[in-house]
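Structure first, then comments.
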Amino acid sequence: MDEIFLSPYNPKEAENTIYDIWNKSGFFNPDICIEKEVTNKDAKAFTIVMPPPNANGDLHAGHALFITLEDIMTRYKRMSGFKTLWIPGADHAGFETQVVYEKKLEKEGRSRFGMDPKDLYKEILDFTLLNKKNMEAQVKSLGASCDWSREKFTLDPEVVSKTQDTFIKMWKEKIAYRGKRTINWCSKHQTSLSEVETESSEETSPFYYFKYGPFEIGTVRPETKFGDKYVVMHPEDKRYLDYKHGQKMTVEWINGLIEATVIKDEAVDMEFGTGVMTITPWHSQVDYEIAKKYDLEMEQIIDWRGKLLPIAQEFSGMNIKEARPKIVEKLKSKGLLIKIDESYKNVVKKCYKCSTIIEPQIKDQWYVKMESLSKMALESVDKGELKFIPDNYEKIFRYWMTNTIDWNISRQIVWGIPIPAWFRRGEVIASKEKPEGEGWIQDTDTFDTWFSSGQWPLIATGFPESKDFKEYYPTDVMETGHDLIFKWVPRMVIFGLYLENKVPFHTVYLHGLVNDAQGKKMSKSKGNVINPLTLTDKYGTDALRMALIVGNTPGTDVALQENKVKAYKNFANKIWNITRFVLSSTEGFDGKKPDLIIEEDLTNILELNELIKDVTKDMDEYRFYLAAEKIYHYMWHSLADNIIEKSKEKLKDENPSTVKSTQYTLLYLLKTSLKLLHPFMPFITEKIWQYTEKDSNILMVTKWPNP
RNA sequence: GCGCGGUUAGCUCAGUUGGUAGAGCGCGUCAUUGACGUUGACGAUGUCAGAGGUUCGAAUCCUCUAUCGCGCACCA
């Protein structure tokens, strides 16, 4: 027996060398598995595309969970004889990274405004590439058996080019279009945001009632009201039957007299407030719809920095927050303020990154028509081409796909894939090259990250024509966080169907959030963020992996408790000592199956075979949380506590065939257990394999046991 | 308001098609030095949120209620 077993298991030491052994073996790459004949040439493919971690910082606990899950699937399938490919990636994470970088600039007393966009881009690129290396090293330290030779970065030239091609195709087919409409504007980040990049929170705000000619109008936003010259009410509202649609009247307003026009429209809720409202089409989605319907004038009141425009006269240039009380004060002094309801609750939409209140603005943007695309996505679910784990997410997916609005794909940030479009007066052309003729100006906007990420399964496998694409697309499983069920998953499905007429994967496995030990969401402000790498340093990667997997059902959030990680470190040591016992008890044993296996050993082998059956079924049905626990329980409480205990007597038996039978069985049980455990605890199992199977291939490519 | 999910041992959570409740941590008693003290043996603790229903039988299926969490939408 090797001396290494005389001291307790040292995860750090093992992990440092084991990953290199795997990596150098080349077996992360299915081509090499075939070349070296550990996988059959005509084996069925199993492919996972890794959701590319953002290359803008350290991995968090959620990454550790998803890497573990995907690694378990990958290792299991590889051992089961599949031509297994797990493609890693790195995400430039457009807006996310730009926000991270802007914070960095802010700390340095700098700002992106005033910087040359090219310089800014270069700086963010350097920052990202540096972090990309860091991120990759962390992914490796978690044991990910992905094929690094196929890694892709979301800003690789071919990725950029293919993303742009898709856009041009969509433009030619009129699925992507240029449109002027209400957008979500973050005045801090100076960009528009999609619906999923905003978050709403309920707040209590003063609700003001003002006199507007003969009417009383209510509003929470007096600062937008300068230009309000349309007063809207429901056509059937009995209180206002005397007023006719289109009727004009002169009313006293914030900065003097204004000519107001009566508009009658069903959009007004008669029950709400006084049933009368004035509209501000430029800064409200609902108002915009009304204005468009009657072809009303629209005027911008608030500029892109959140300041009032000259229309506000004396308030011009003032920040809206500061202006609001002053405007109310002025209206009050003119006798136009009727009352203030201080307990009004409304929902405020905010930038999900900086919580700046979103200012609806009207702006030309690029949109993708969603209706026909979401219909295709729904059909693929109907046809059973797309399965969700857990299955209740199918409902959420359907809900999301039945309520789609056109998708704003342009962002006013430099860090991203440029939108290949050109403008000249009223003309628009989508093209990578500058169109013929003079006067064309290139679009400076970039794509929403999800526009490129949505094509990731295609692009990562080499769409549209590579050898890999033919072999590995459609992929098999998309494993990602349940919060991406509406942000990302539908977009991948849509692009897969749109570009290739196939769903990009047949199974969507959704994991939950990793919370702190009390089950509370981790957040920097609460200070309860657990860095997975401090846990792996302390207890080993295998232990963290087990702690994240056991008992964690798909879709359910998991509480990450240090105690639990520690418990699996103990387990690792237990395995180490089982090995120590088995190796020391089988010294001199030739390893060959003896002619006689005594009855007790047969029973033991049968028991393990039952476990293999059970675990294999769990693995096939994605119940990793059960499989892991069963193997754990078997090794500790059957193999160690019972079988090994009893073997001590048998090994002293006078009959050499009893001894041989016992030795053979102990080795068999240990080695088989290691195979079963390998996808979950790859490091320690591989490490031990080096001592139990000196002459054979590495455990990673050893066949999964048959019962 | 609508939707989804949870409510099981002190804590964090499992419980796959309905068949006398499980894990880890924690707790109690005992053991003690040749696999392992990062240990072993034994043990305690649950009206499975509540009520009603289906069933020979319900933590599991159905209905309602309470409560927590999350998501979406909220109209000036």
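What you are looking at is a predicted structure, and each value in this text was computed from that prediction instead of being measured. Here is the naming used below: chain letters follow the sequence lines, and residue numbers restart at 1 for every chain. Just so it is clear, the values below take in all heavy atoms, side chains as well, and ignore hydrogens, waters and symmetry mates.
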Report yes if at least one side-chain N or O of [X] is closer than 4.0 Å to OP1 or OP2 of [N]; otherwise report no.
| X | N | answer |
| --- | --- | --- |
| A/Lys574 | B/G40 | yes |
| A/His637 | B/G24 | yes |
| A/Lys648 | B/A35 | yes |
| A/Trp636 | B/A23 | no |
| A/Asn577 | B/U38 | no |

Starting from P on B/G24, measure out to CG on A/Leu626 and report it in whole angstrom.
15 Å

Rounded interatomic separation in angstrom, taking CZ from A/Arg398 and P from B/C4
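Between P of B/C4 and CZ of A/Arg398: 14 Å.
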
Within the structure provided, determine whether A/Tyr243 and A/Pro214 are in side-chain contact (heavy-atom separation under 4.5 Å).
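Heavy-atom side-chain distance check passes, below 4.5 Å.
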
Checking contacts here: which listed nucleotide ([options]) is nearest the side-chain heavy atoms of [X]?
| X | options | value |
| --- | --- | --- |
| A/Thr553 | B/C25, B/C74, B/A14 | B/A14 |
| A/Phe486 | B/G15, B/G71, B/A35 | B/G71 |
| A/Ala567 | B/A76, B/G24, B/C13 | B/G24 |
| A/Lys569 | B/C36, B/U38, B/G24 | B/U38 |
| A/Asn392 | B/A35, B/A73, B/G5 | B/G5 |
| A/Tyr344 | B/C4, B/G24, B/A76 | B/A76 |
| A/Tyr399 | B/U39, B/C72, B/C74 | B/C72 |
| A/Phe272 | B/U38, B/G24, B/A76 | B/A76 |
| A/Val286 | B/U12, B/C75, B/U38 | B/C75 |

Can you spot which of A/Asp448, A/Asn408, A/Ile358, A/Asn184 makes a side-chain contact (heavy atoms from CB on, under 4.5 Å) with A/Glu197?
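So, applying the side-chain contact (heavy atoms from CB on, under 4.5 Å) to A/Glu197 and each of A/Asp448, A/Asn408, A/Ile358, A/Asn184, only A/Asp448 qualifies.
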
Taking atom [atom1] in both [N] and [M], what distance in whole Å separates the two?
| N | M | atom1 | result |
| --- | --- | --- | --- |
| B/U29 | B/U8 | P | 29 Å |
| B/C70 | B/G24 | P | 31 Å |
| B/C56 | B/C13 | C1' | 33 Å |
| B/U60 | B/G53 | P | 14 Å |

Between A/Leu639 and A/Gly551, which residue's closest nucleotide on RNA chain B lies nearer the 5′ terminus?
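The residue closer to the strand's 5' end, by nearest nucleotide, is A/Gly551.
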
When the nearest nucleotide of RNA chain B is assigned to A/Tyr393 and to A/Glu629 on a heavy-atom basis, which residue is associated with the more 5' position?
A/Tyr393

Within 45° of the six-membered ring axis of A/Tyr209 and under 6.0 Å from that ring's centre, is NZ or CZ of A/Lys339 located there?
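Positive - A/Lys339 is close enough to the ring of A/Tyr209 and near enough to its axis.
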
Applying a 3.5 Å limit to both distances, which nucleotide forms a Watson-Crick or G-U wobble pair with [N]?
| N | answer |
| --- | --- |
| B/G5 | B/C68 |
| B/C27 | B/G43 |
| B/A51 | B/U63 |

Using the six-membered ring wherever Trp is involved, compare the ring planes of [X] and [Y] and label them parallel, tilted or perpendicular (cut-offs 30° and 60°).
| X | Y | value |
| --- | --- | --- |
| A/Phe272 | A/Tyr344 | perpendicular |
| A/Phe226 | A/Phe315 | tilted |
| A/Trp253 | A/Phe210 | perpendicular |

Remember a base hit wins even if backbone is also touched, and classify [X] as base, sugar-phosphate or nothing at under 4.0 Å, heavy atoms.
| X | answer |
| --- | --- |
| A/Lys487 | nothing |
| A/Arg623 | base |
| A/Trp576 | nothing |

Side chains of A/Asp228 and A/Tyr212, donor plus acceptor under 3.5 Å
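Per modelled atom types, A/Asp228 and A/Tyr212 side chains form no pair under 3.5 Å.
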
